[in-house]
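Note sheet for the following structure.
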Amino acid sequence: MISVRSLSKRHGTRMVLENVTAEVAKGETIAIVGPSGGGKSTLLRCLNYLESFDGGEIEVAGITLRPGMGSREASTLRQLRTRVGMVFQQFNLFPHLSVLDNITLAPRVVRAKPSADAVRHARELLDRVGLGDRGASFPHELSGGQQQRVAIARALAQEPAVMLFDEPTSALDPEMRDEVMGVVKDLATGGMTMLVVTHEMQFATDIATRVWVIEGGTIAEDGPPAQVVDAPRTAVAREYFGRMKRRRV
Ligand SMILES: Nc1ncnc2c1ncn2[C@@H]1O[C@H](COP(=O)(O)OP(=O)(O)OP(=O)(O)O)[C@@H](O)[C@H]1O
Ligand SMILES: [Mg+2]
């Protein structure tokens, strides 16, 4: 479903991603962890082509991405955005639109979905994230956890083949984290292909099929949680997980 081949990216003279190569099969859930500044967000943003890159190639949901794609590839990039959903730390809902309008906007405008169909699908998605009764609410009337669940429903409304999450719970109070992580977990169980940047080790160990430790622009470790989290091979992973365990107690 995702194939990253020798991906490199620079910001000025700083290498932010260095020769990253990785494969993700359909239905896998990858937890991406690692120290701040390692390149986790940049990798996700390249996968959705929110940022271009300098070298290598990405194949995601049947679409091939190369450096320097622009207006000539606009329709490919539009297609990419419907196949790859992204949820950020900040929910980025449209403040002036109701929950239902937030969710139905892209399907109606980008995919020309008939309004009644879009609304029906949006209501199903709201049920799925536990907010079936909040379609008429505006974002400011919802808690952070509820807003993030709307953001997830909005991404799912495009019927993506892949979902990318960049620290979806780190702006939330602890009690709201569980409800959002519950939705992410349901998606994983339902077979969605997902990459989730998170510092929640419980999630990484319970839900992920694989864990990537990203540091210094490379994937330092890649393997099942039992291997990467419980018996890390590299110093950077040992140090990171050690710090995370101390934080939890
Ligand atoms: N627009 C930019 N201009 C210059 N440097 C950038 C830019 N965006 C990111 N960087 C640099 O790229 C590196 C990787 O950043 P990135 O945001 O991908 O890290 P991260 O692993 O997501 O970190 P965090 O855990 O703090 O979110 C950092 O050194 C950062 O300073
Ligand atoms: Mg980040």
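The shown structure was predicted, so the numbers you read here are calculated from the model rather than taken from an experiment. Whatever order the structure lists ligands and atoms in, that order sets their numbers, starting from 1.
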Inset, instruction - Tell me, yes or no, whether the heavy-atom count around R83 atom CZ, taken from other residues, nucleotides or ligands under 6.0 Å, exceeds 12. - result: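 Yes, the 6.0 Å shell around CZ holds more than 12 heavy atoms from other groups.
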Legend entry - Main-chain N/O of S6 paired with T21 side-chain donor or acceptor, under 3.5 Å: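 Indeed, once roles are kept as given, a pair shorter than 3.5 Å links the two residues.
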Legend entry - Check: D166 side chain, S41 main-chain N or O, donor-acceptor pair, under 3.5 Å: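 No; zero donor-acceptor contacts below 3.5 Å.
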Inset, instruction - Output yes when E239 and R243 qualify as a salt bridge under the 4.0 Å nitrogen-oxygen rule, no when they do not. - result: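 Salt bridge present between E239 and R243.
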Inset, instruction - Salt-bridge test for D222 and R210: reply yes if a basic N is under 4.0 Å from a carboxylate O, no otherwise. - result: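 Yes, charged N to carboxylate O under 4.0 Å.
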Could you tell me the residue and atom name of the protein heavy atom closest to [atom], and the distance to it rounded to 0.1 Å?
{"atom": "atom 12 (O) of ligand 1", "value": "V16 CG1, 3.2 Å"}
{"atom": "atom 1 (N) of ligand 1", "value": "H11 CE1, 3.5 Å"}
{"atom": "atom 16 (P) of ligand 1", "value": "T42 OG1, 3.5 Å"}
{"atom": "atom 17 (O) of ligand 1", "value": "S41 CB, 3.7 Å"}
{"atom": "atom 27 (O) of ligand 1", "value": "E167 OE2, 3.6 Å"}

Inset, instruction - From atom 28 (C) of ligand 1, work out which of S36, G37, G39, P35 has a heavy atom at the shortest distance. - result: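 Going through S36, G37, G39, P35 one by one, G37 has the nearest heavy atom to atom 28 (C) of ligand 1.
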Any non-hydrogen side-chain atom of [X] less than 4.5 Å from a side-chain atom of [Y]?
{"X": "C46", "Y": "L17", "result": "yes"}
{"X": "S8", "Y": "M15", "result": "yes"}
{"X": "D101", "Y": "F94", "result": "no"}

Inset, instruction - Only counting residues at least two apart or in another chain, list the ones meeting salt bridge (charged side-chain N to carboxylate O under 4.0 Å, His left out) with E18. - result: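 By the salt bridge (charged side-chain N to carboxylate O under 4.0 Å, His left out) rule, E18 matches no residue at all.
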Legend entry - R14 near ligand 1 by a heavy-atom separation under 4.0 Å: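 It does; at least one heavy atom falls under 4.0 Å.
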Legend entry - Proximity of K40 to ligand 1 by residue part, where a heavy atom lies under 4.0 Å: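 For K40, backbone and side-chain atoms both sit under 4.0 Å from ligand 1.
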Legend entry - Protein N, O or S within less than 2.8 Å of the Mg ion (ligand 2), waters excluded: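 Result, waters dropped: S41 OG.
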Legend entry - side chain to side chain donor-acceptor pair (under 3.5 Å), paired with T169, selected from R177, E179, E200: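 Per the side chain to side chain donor-acceptor pair (under 3.5 Å) rule, the option paired with T169 is E200, out of R177, E179, E200.
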